[in-house]
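Counting convention: from 1, in listed order, for ligands and their atoms alike. Note that the numbering runs from 1 along the sequence shown for the chain.
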Amino acid sequence: MKHVIQSIRATFESELHLCKQANDLEALRVRYLGKKGLVQEQLKSLRDVPEAEKPLVGKLINELKKEIEERLDAAISACSHLQLQDKMAKEALDVTLPGRRSNVGSKHPVTQMLDEITDIFVSMGFSVALGPEIESEYYNFDVLNISPDHPARDMQDTFYVAPGMVLRTHTSNSQGRVMENANPPIRIICPGRVFRNETIDASHHVFFHQVEGLYVDENVSMQDLLSTLSEFVRRLFKKDVEVRLRSSYFPFVEPGVELDMSCLLCEGKGCATCKHTGWIEVLGAGMVHPQVLRNVGLDPEKYTGYAWGLGVERMVALRSGIRDIRLFAENDMRFLSQFYAV
Ligand code: DAH
């Protein structure tokens, strides 16, 4: 019996040395100390030991059991200590490493321009009135004196989304909505996206942005239009440019004009950018047509007003020399990152 105990002890020792991880140690514990384990087996076979030897053999088995328990406990704690060290080594952070730089985003150049234009007009006392992008023919056309047979209604220019409903072709659609519901003085700008059913090329796109402006009150004159818009152009282009009005036609204004500024590059002398005219076209404007005032219930004998509409992509292009408006819709980071505001 003593030999058997001795040999169990020896095999345990050699098996213990082979254990590499906590799982192995657990398996060893089951094999030696489990209910059907080797030690238990010895305790059972104590029955067959002669009475006189029982105390001694019993003692030896208990000692073996205790010893195995102690050895296993020690091995398990050594093992978990090692595992912890291993884990700490793997997850160690080098707090002296320099941080990772993340890219800073920026507003799209069209949004930056919209913000700038808005700021200038807000500082002059205009407020912002946003209109819907999906609009009725009434507000996009009828109220603005654009008769049903006007070429601007042609299916080629306008996206129809349902009978009588269009994607607004200009931000002028806000004019009627605002004038119907407010009493003069009315001083609003309407920035936003507009849609045209065009073939896309360097100077045409199916969507772009405009800022509409409207000022209606008693005694509003063409002089007010000219002084407000020239101040705007000078502030936007940060240059003391010359401004002129050229006669033009828009159904919702009378007279209609186009506002030009002296060429930013040649300052009026004539160059390729201004097609040797010395002037650059900036926006369309005019005095609100009496019929438009009547359509929204305002008395044209009492009130007058002016309105204008400008293309936002065009303003960015004029300031930065971009020749292809498709670039504004493509979201190419190589293009956009050149407009990062510092
Ligand atoms: N709605 C015109 C367009 O899309 C721009 C415009 C011209 C607006 C003259 C006006 C204006 O308010 O008076 O081309």
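By the 30° and 60° cut-offs, the orientation of the rings of Phe12 relative to Tyr32 is perpendicular.
Atoms of ligand 1 lying under 4.0 Å from any heavy atom of Gly286, numbered from 1 in the order shown and given with element: 13 (O). Proximity to Ser172 (heavy-atom distance under 4.0 Å) selects the following atoms of ligand 1: 1 (N), 8 (C). Within the listing of ligand 1, atoms 12 (O), 13 (O) sit less than 4.0 angstrom from a heavy atom of Ala307. For ligand 1, the atoms lying closer than 4.0 Å to a non-hydrogen atom of Val253 are 13 (O). Annotation for ligand 1: atoms under 4.0 Å from non-hydrogen atoms of Gln210 are 3 (C), 4 (O). Atoms of ligand 1 lying under 4.0 Å from at least one heavy atom of Gln175, given by number and element, are 12 (O).
Inter-residue side-chain proximity for Asn331 and His108 is flagged as met; some heavy-atom pair is nearer than 4.5 Å. The shortest distance between side-chain heavy atoms of Ser247 and Val257 does not fall below 4.5 Å.
The six-membered or imidazole ring of Phe121 lies near that of Trp308, with a centre-to-centre distance under 6.0 Å.
With respect to the salt-bridge test (charged N to carboxylate O, under 4.0 angstrom), the residues Lys302 and Asp217 do not qualify.
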Set out, in order, the CA-CA distance, both residues' side-chain angles and the distance that settles side chain to side chain contact (heavy atoms under 4.5 Å, CB included) for Tyr160 and Asn197, then state yes or no.
CA-CA 9 Å; Tyr160 282 81; Asn197 195 353; over 6 Å; no

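Of the inter-residue distances, the one linking Asp299 atom CG with Arg294 atom CZ reads 8.5 Å to the nearest 0.5 angstrom.
Considering only non-hydrogen protein atoms, atom 5 (C) of ligand 1 sits nearest to Gly309 CA, 4.0 Å. In terms of protein heavy-atom proximity, atom 12 (O) of ligand 1 is nearest to Glu212 OE2, 2.6 Å. Ranking protein heavy atoms by distance to atom 11 (C) of ligand 1, first place goes to Phe252 CE1, 3.4 Å.
The shell of residues lying under 4.0 angstrom from ligand 1, judged by heavy atoms, excludes Tyr306. Residue contact check for ligand 1: Arg196 places a non-hydrogen atom closer than 4.0 Å to it.
Side-chain atoms of Glu258 and Tyr249 form no donor-acceptor pair, as typed in the model, at a separation below 3.5 Å.
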